[in-house]
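One is the number of the first residue; the rest follow in order along the sequence. Because the structure is predicted, anything quoted here is derived from the model rather than measured. Counting starts at 1 for both ligands and their atoms, following the listed order.
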Amino acid sequence: MQIYIDGAWVARKDAKVSVFDHGLLYGDGVFEGIRVYSRRIFRLDEHLERLYRSAHAIALDIPVPIREMAAIVAEGVARNRCEDGYIRLVVTRGEGALGIDPASCPKPSIILIVDQVAVYPRELYEGGVTVVTSPTRQVSHEAVDPRIKSLNYLKNILAKIDARVGNAHEAILLNREGFIAECTADNLFIVRDGEILTPSPQDGALEGITRGVILQLAADAGIAAKEARLTRYDLHIADEAFLTGTGAELMPIANFDGRAIGRGTVGPITTQLREAFKRLVRIEGEPVWQGESGANKPKYSPTPLQ
Ligand code: PMP
């Protein structure tokens, strides 16, 4: 495994960061999780745009331009001969003094890991996951806007603990008004009367890349889809429900707060969208490396950004 840290490619055992890095000390930084399917990096530009937006929102200047970052990511996939995998791209505030002031951190650090991911066992995609409402609330946009994909995942981790304690696979975070925001690391969708509904970023949802893809696939398939304010009531009366995320992809929800959703089996729209998603990820974009001959030569060239 070759890991990128601030311009150098190092072996896993040598991939170390400073104990004075504010990413470690304070969770001060941003990150992305990105998938590789059949040597193709899925929606890299969208992930990078979100990363740079998140960084901008916390006044963190990523020290390489977005196009160069795209090339680094592609190089990481090629160097690691990654066919199907998961990329973790992290930008921390960097090394500084023992105080929270980011002014003491002159240079943000960039870390890139290319590895495998298996969020859920395969069988669960056939039967769906169990989800509970977490007592842990989504953070208010008045504190930290939930659209910022930052290294601060403590509330999500607390909600994940709530899920485990409740014997569930996942937990839903409500915002402080009681509307559904999202799951611990995934967006949430329900299907009602043939229409799909998902909470808006204003209600505390991350602008998930997979969420956007699913909304697009629904539109392409002629399935009505829109953002909506949802409460626990909407989940209880939903015909189908599923969650989406880079790691989980599209995962059906079978049970919510101890009650079956719909008929308790994976519904037709969930199945249709999951199939469409699986097809899309295998064909979209160009492979970034090629077998023997082209190994180590990233083929990816990002589309120019406006
Ligand atoms: N919400 C949260 C809190 C997340 O961390 C993620 C990413 N794992 C998502 C939603 C899903 O976003 P994406 O589809 O971009 O992975």
Side-chain angles (χ1 to χ4, degrees), residues 27 29-37 41-55 57-58 73 85-91 113 115-120 129 131 133-134 136-141 143-163 169-175 179-190 196-218 225 227 230 241-253 273-274 276-278 280-281 284-285:
V30 292
F31 79 102
E32 283 295 318
I34 311 165
R35 284 295 274 268
V36 181
Y37 295 103
I41 306 173
F42 189 61
R43 300 279 163 124
L44 177 57
D45 291 341
E46 286 182 38
H47 280 284
L48 292 181
E49 283 162 25
R50 186 172 66 185
L51 181 78
Y52 279 70
R53 279 203 306 275
S54 293
I58 65 164
V73 175
Y86 179 83
I87 300 164
R88 175 54 59 91
L89 178 59
V90 183
V91 185
I113 306 166
D115 201 359
Q116 297 300 313
V117 74
V119 179
Y120 291 114
V129 286
V131 172
T133 306
S134 167
T136 308
R137 294 286 170 132
Q138 176 63 299
V139 68
S140 163
H141 63 88
V144 180
D145 196 300
R147 285 174 293 185
I148 301 171
K149 195 163 167 62
S150 83
L151 294 179
N152 278 268
Y153 259 56
L154 213 41
K155 68 169 188 313
N156 310 62
I157 292 162
L158 290 173
K160 195 75 187 176
I161 293 169
D162 297 334
H169 300 103
E170 249 304 336
I172 286 174
L173 290 98
L174 307 177
N175 65 24
F179 295 106
I180 292 172
E182 59 181 352
C183 298
T184 64
D186 297 297
N187 290 110
L188 181 110
F189 285 79
I190 67 161
I196 74 169
L197 306 168
T198 190
S200 70
Q202 284 65 38
D203 273 335
L206 183 78
E207 292 168 313
I209 307 300
T210 323
R211 173 184 183 273
V213 171
I214 294 300
L215 288 171
Q216 186 59 52
L217 286 173
E227 291 182 344
L230 302 177
F242 57 88
L243 50 86
T244 66
T246 293
E249 302 176 317
L250 189 159
M251 170 59 85
I253 301 175
L273 289 171
R274 175 154 176 77
F277 181 78
K278 275 171 33 185
L280 178 74
V281 298
E284 196 182 83

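For ligand 1, the polar-atom distance check against R50 finds a nitrogen or oxygen pair separated by under 3.5 Å. Checked by distance only, ligand 1 and G33 stay at 3.5 Å or farther apart across all their nitrogen or oxygen atoms. Where the criterion is an N or O separation shorter than 3.5 Å, residue side chain and backbone included, T210 meets it with respect to ligand 1. The shortest N/O to N/O separation between E182 and ligand 1 falls below 3.5 Å.
Interface of K149 with ligand 1, defined as ligand atoms under 4.0 Å from a residue heavy atom, comprises 4 (C), 5 (O), 6 (C), 7 (C), 8 (N). In summary, the atoms of ligand 1 found under 4.0 Å from a heavy atom of G245, numbered by their order in the structure, are 11 (C), 14 (O), 16 (O). Below 4.0 Å from some heavy atom of T246 lie the following atoms of ligand 1, by number and element: 13 (P), 14 (O), 15 (O), 16 (O). Heavy-atom proximity to T184, at under 4.0 Å, picks out these atoms of ligand 1: 3 (C).
The protein atom (non-hydrogen) at minimum distance from atom 12 (O) of ligand 1 is G208 CA, 3.4 Å. With hydrogens left out, the protein atom closest to atom 11 (C) of ligand 1 is N187 OD1, 3.7 Å, a heavy atom. The closest protein non-hydrogen atom to atom 5 (O) of ligand 1 is Y153 OH, 2.4 Å.
A salt bridge does not link E32 to R88: none of the charged side-chain nitrogens sits closer than 4.0 Å to a carboxylate oxygen. Between E182 and R211 there is no salt bridge, since no side-chain nitrogen of the basic residue lies less than 4.0 Å from a carboxylate oxygen of the acidic one. The residues K278 and E249 are annotated as not salt-bridged, no charged nitrogen and carboxylate oxygen being separated by less than 4.0 angstrom. Ion pair K160/E170 flagged as a salt bridge, since at least one NZ, NE, NH1 or NH2 atom sits closer than 4.0 Å to an Asp/Glu carboxylate oxygen.
The shortest heavy-atom contact between N187 and G208 is OD1-CA, 3.2 Å. Here the closest non-hydrogen pair linking E207 and R50 is O-NH1, 3.1 Å.
Within the structure, the closest approach of A185 to ligand 1 falls below 4.0 Å when heavy atoms are considered.
At a heavy-atom cutoff of 4.0 Å, ligand 1 is contacted by the side chain of N156 but not by its backbone. Of the heavy atoms in L206, only side-chain atoms (C-beta onward) come closer than 4.0 Å to ligand 1.
A parallel orientation is assigned to the rings of F189 and F242, their planes being inclined by less than 30° (bins at 30° and 60°).
Here the two rings, on Y86 and F42, have centers that are 6.0 Å apart or farther.
Rounding to the nearest 0.5 Å gives a distance of 12.5 Å between CD1 of I214 and CD1 of I209.
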